[in-house]
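One structure is given below, encoded as structure tokens.
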Amino acid sequence: MNWLLEPLSHAFMVRALLVSALVGSCCGLLSCYMTLKGWALMGDAVSHAVMPGVVLAYSLGLPFSLGAFVFGVGSVALIGFVKQKSRIKEDTVIGLVFTGFFALGLVLVSKVRSNIDLTHILFGNVLGISLADIWQTLLISALVVAVLLVLRRDLLLFCFDPTHARSIGINTGLLHYTLLSVLSLAAVAGLQTVGVILVVAMLVTPGATAYLLTDRFDRMTQIAIASSILSSLLGVYISYWTDSSTAGCVVLVQTGLFLLAFLLAPRYGILRGSGPQAP
Amino acid sequence: MRIEADHLCVDYNGNVALVDASLRLPAGCICGLVGMNGAGKSTLFKCLTGFVRPSRGRILINGQSVAQAQRQQAVAYVPQTESIDCSFPISVWEVVMMGRYGAMNLLRLPRSADRLAVREALERVELLDLRDRPIGSLSGGQRKRAFLARAIAQGASVLLLDEPFNGVDVRTEKLMAGLLLQFRQEGSTILISTHDLEQVRDFCDLVVLINKTVLAFGETAKVFTPENLALTFGGLPADLLVGATGRPGGTGP
């Protein structure tokens, strides 16, 4: 029992576990929509593009989530704009815009005078998280989960059949941007635990794991949230006991769970059932 | 008039999709929409479902704007089953329930009237016993019927069907044909986008031939002539077209 309880005697570990569980639940829920909508690349783009926003917000003394949100949504709007106004394909535009923003973030970190540690942004700093940041994360997570719960059926329809959604008078443009805004917010929250580079794992892997385990959306969200929280907690513990990168451990556990599902899922695992059937 | 489209023009960033297309469909008819790929069939559907706003011209559905008609759940779109992600984790019941979303409150919580409508729709397409199955486990024809059930549950007066008889089994084809005739009886207006000229000739009261604009429109017997079809399809071999109008070719009834 000692291995379980000893870390809890440190305040920083309690905070880290709390924050990663929070982030895990909100990213886990969102990851279902990302998986079904096929927005993994968009998640990657947004999480990188928030970087200059974080740096600017810190140097101006604003909440970092505000800066991140502005740049996250801004990057997505820019992607849409460039795609519409040029002949370049979407994945190229995404790759182009997010690396541009990320590069701007790198330059800003090196030039703007502040006490930001680049590695904290890149790889997360959940063990050293401040009380103010915990409050921000709490607010962000609550907002993300609330929006996703209120709009869950509309968003599901939007992912499944946007044409039908439009034809019954649902504003699909609004849903599109709502989902992107929520994505930006969740990326900011995820940044706390695992950093810019790995946050896309938080936004994709739990959903992908759950998708292999069920044919019901409700069940999928439950599994994704559970596996996401489990990986976060387990990852933080493992990193404590092995004295290794927290972000790395959290994402490794997530990937491990995915591998288990990939191999052993009752219907869609490659060692069980009938393998991938084109339905 | 159920649908009034006057002088529609649509372009996508300078690529012209429709020019000066006009069309009037009464209540209670089945109309075939025939044209080549890229002739503007799906653009016309997109105008009617509100996805695309015409740059010129106007559309009235039941005498109202498209947006108003949508709010009253007047327009239902039955997609080509190939365009749907069939590994989506959703059951037949949930798919059909989506037909009711527009009439529900913001949280889309179904009431007993909604459940009743879904049940009746599933009964009409003979899928009630499969209601809890994932949509992906259904056959192509069953899936088609599920989407038709969604339109029924919605209670729409305008049905837009994209290749409804493409790749369906005989049972589904018979069932759907019977249902469409019933809908016409009930006053619905059904617009069918299809490549299957045979089907149009046997089944549709009216026909619209399009190629960037409406080339011909009217009663099937009058409009479905080899000359008009040649106009629609440009360089298709004449024997194919003659077969389509039902004389030689051996595929007619």
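Hydrogens, waters and symmetry mates are skipped; everything else that's a heavy atom, side chains included, is used. Chain naming here is simple, since letters A, B, ... match the order of the sequence lines and numbering starts at 1 in each.
Neither the backbone nor the side chain of B:Gln68 has a heavy atom closer than 4.5 Å to any heavy atom of chain A. Heavy atoms of A:Cys32 lying under 4.5 Å from chain B are absent altogether. Residue A:Leu151 does not touch chain B at all, counting heavy-atom pairs closer than 4.5 Å. Using a 4.5 Å cut-off between heavy atoms, B:Val66 does not touch chain A at all. Looking at B:Leu107, both its backbone and its side chain come within 4.5 Å of chain A, counting heavy atoms on both sides.
Between the side chain of B:Tyr77 and the backbone N or O of A:Arg166, no donor-acceptor pair lies under 3.5 Å. A donor-acceptor contact shorter than 3.5 Å links the side chain of A:Arg153 to the backbone of B:Arg108.
Atom CE of residue B:Met98 and atom CG of residue A:Leu156 lie 4.5 Å apart, to the nearest 0.5 angstrom. Here the CD atom belonging to B:Gln73 is positioned 8.5 Å from the OG atom belonging to A:Ser167, to the nearest 0.5 angstrom. The CG atom of A:Leu157 sits 13.0 Å away from the CE atom of B:Met97 when rounded to the nearest 0.5 Å. Distance OG1/B:Thr49 to NE2/A:His164: 11.5 Å, rounded to 0.5 Å. With rounding to the nearest 0.5 angstrom, the CG atom of A:Asp161 is 6.0 Å from the CZ atom of B:Phe147. With values rounded to the nearest 0.5 angstrom, A:Leu36 atom CG is found 4.5 Å from B:Phe88 atom CZ.
The two atoms that bring A:Thr163 and B:Phe51 nearest to each other are CA-CE1, 3.3 Å, heavy atoms only.
Tested against A:Arg216 for a side chain to side chain contact (heavy atoms under 4.5 Å, CB included), the candidates B:Pro134, B:Ser91, B:Pro89 yield a single pass: B:Ser91.
Taking B:Ala76, B:Ala156, B:Gly50 one by one and counting their heavy-atom pairs under 4.5 Å with chain A, the maximum is reached by B:Gly50.
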